[in-house]
Asks: 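Once you've had a glance at the structure underneath, I'll fire off some questions.
None of the values given here were measured: they were computed from a predicted structure. Atoms within a ligand are numbered from 1 in the order they appear, just like the ligands themselves.
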Amino acid sequence: MLRAEGVSREFGSGDAVTRVLHDCGVEVFAGQTVAIVGKSGSGKSTFANCLSGLDKPTTGRITLLGHDLATLDEKRMARLRAEHIGFVLQKDNLVPTLNIEENVAAPLIMSGVKLSAALKRAREALDQVSLSHRARSWPGQVSGGEAQRAAVARACVNEPSIVFADEPTGALDEENGLVVQKLFRAMVKERGAASVIVTHDLDLAQGADVVVRMAKGTLVASGWFG
Ligand SMILES: Nc1ncnc2c1ncn2[C@@H]1O[C@H](COP(=O)(O)OP(=O)(O)OP(=O)(O)O)[C@@H](O)[C@H]1O
Ligand SMILES: [Mg+2]
C-alpha cells in the first residue's frame, strides 16, 4: 500500500535551512493500522503529509498505492486523492464556503459521482458520526469536535484504500473518539484498507497494528501489537 525510504524534509533555504525529517522510512500493508506517535514538534505531521502526497520530501522515495509520488503531476495526484485516499488534517479541514454535507460529498463529486448521489452518501457518512443534524450547517457554525467528525466522515465517504488522519480524535470526547476509532478499524479490517494515524490518544495508538515513534525528526522505535 505504502512504502517510504530515506525521507527527509527541509524548510527554508541557505543559512536558514531547518531539517525537520531525517532519513525516515515506513511500510504499510493492506489491513494494517499504523500509528505515528511522538512529542509535539517531532515531525509527525510533516512526515504524514509527505507520505500522503500533500507535501513533497526533500529527499527519499515514496510509493503509494503503486505510484512513485515523485512522478505524479498535480492532476493525477488530485485524482488519486479523490478516488482512493481519505484525509483528516490536523487543522483547517473543511472548506468554509461549502456546507457540512457538501464538504463530505466533495471527494465523491471530484471522482465524478452525481451531485444527488454524492449528497445522499455524504448524509449516510454523517449519520455514522452522529452528525446528520448538522448536514446543512456551515463550518463556521459547528464546534471543533463536530468539524473533526465531519472531516472523518469525509475521509471515509469514498471508501478509500488508505486513510491518513492527523490527530483525528484530538478535539473529541471519549465516546466520539471511540466512534471514530471503530469506523477506521472497520474500514481496515472489513475492507482491507490501511490507515496511518498520527495521535496522542493512547487508546487509538494501542488499537494500531504497528506503532512508530518519532523524536526530533527521526523514527526512533516501532512496535507491533497486531
Ligand atoms: N512550513 C514549515 N516551515 C518551517 N518549519 C516547519 C514547517 N512545518 C513544520 N515546521 C517545523 O517542523 C517541526 C515539526 O513540525 P510538525 O508539524 O511535523 O510536528 P508534529 O510532530 O506534528 O507536532 P504536533 O504534535 O504539535 O502536531 C516543528 O519544529 C515545526 O516548527
Ligand atoms: Mg502535528
Asks: From Q90, does some N, O or S atom reach closer than 2.8 Å to the Mg ion (ligand 2)?
Replies: yes
Asks: Checking contacts here: is it the side chain or the backbone of T46 that comes within 4.0 Å of ligand 1, counting heavy atoms only? Could be both or neither.
Replies: both
Asks: For ligand 1, is there an N or O atom under 3.5 Å from any N or O atom of K44?
Replies: yes
Asks: Please write down residue, atom name and distance for the protein heavy atom closest to atom 26 (O) of ligand 1.
Replies: S40 OG, 2.5 Å
Asks: Heavy-atom count check: over 12 atoms from other residues, nucleotides or ligands less than 6.0 Å from R61 CZ?
Replies: no
Asks: At what distance, to the nearest 0.5 angstrom, does CZ of R185 lie from CG of D209?
Replies: 9.0 Å
Asks: Report the C-alpha separation of C50 and I62 in whole Å, then their side-chain angles, then the decisive distance to 0.1 Å, and conclude whether the side chain to side chain contact (heavy atoms under 4.5 Å, CB included) test is met.
Replies: CA-CA 8 Å; C50 287; I62 296 167; 4.1 Å; yes
Asks: Under a 4.0 angstrom heavy-atom cut-off, which atoms of ligand 1 come close to S45?
Replies: 17 (O), 18 (O), 20 (P), 22 (O), 27 (O)
Asks: Among protein heavy atoms, which lies nearest atom 11 (C) of ligand 1, and at what distance?
Replies: V20 CG2, 3.8 Å
Asks: Please tell me if atom 16 (P) of ligand 1 is touched by the protein, where touching means a protein heavy-atom distance below 4.0 Å.
Replies: yes
Asks: Between Q90, E10, E167, which one has a non-hydrogen atom sitting closest to atom 27 (O) of ligand 1?
Replies: Q90
Asks: Check L2, V28, V34, L69 against L51 for a side chain to side chain contact (heavy atoms under 4.5 Å, CB included) and give me the one that passes.
Replies: L2
Asks: For K39, take its heavy atoms, then give the atoms of ligand 1 lying under 4.0 Å from any of them.
Replies: 21 (O)
Asks: Nearest 0.5 Å, what's the CZ-CG distance between R213 and L219?
Replies: 11.5 Å
Asks: Run the contact test for G41 against ligand 1 with a 4.0 Å cut-off on heavy atoms, strictly below, and give the result.
Replies: yes
Asks: If the threshold is 4.0 Å, N to carboxylate O, is there a salt bridge linking R9 and D55?
Replies: yes
Asks: Tell me if the CZ atom of R123 is crowded by more than 12 foreign heavy atoms within 6.0 Å.
Replies: yes
Asks: So, 4.0 Å and heavy atoms of M214: is ligand 1 close enough to count as a contact?
Replies: no
Asks: For atom 4 (C) of ligand 1, is some protein heavy-atom partner under 4.0 Å away?
Replies: yes
Asks: For atom 9 (C) of ligand 1, which protein heavy atom lies nearest, and how many Å away is it?
Replies: F11 CE1, 3.8 Å
Asks: Under 2.8 Å from the Mg ion (ligand 2), is there any N, O or S atom belonging to S45?
Replies: yes
Asks: Could you list the atoms of ligand 1 found under 4.0 angstrom from a heavy atom of H200?
Replies: 25 (O)
Asks: Does an N or O from G38, backbone or side chain, lie closer than 3.5 Å to an N or O of ligand 1?
Replies: no
Asks: Can you confirm whether K189 is buried at NZ, in the sense that more than 12 heavy atoms of other residues, nucleotides or ligands lie under 6.0 Å from that atom?
Replies: yes
Asks: Heavy-atom count around R79 CZ within 6.0 Å, excluding the residue itself: above 12?
Replies: no
Asks: Are S8 and T59 close enough that a side-chain donor and a side-chain acceptor fall under 3.5 Å?
Replies: yes
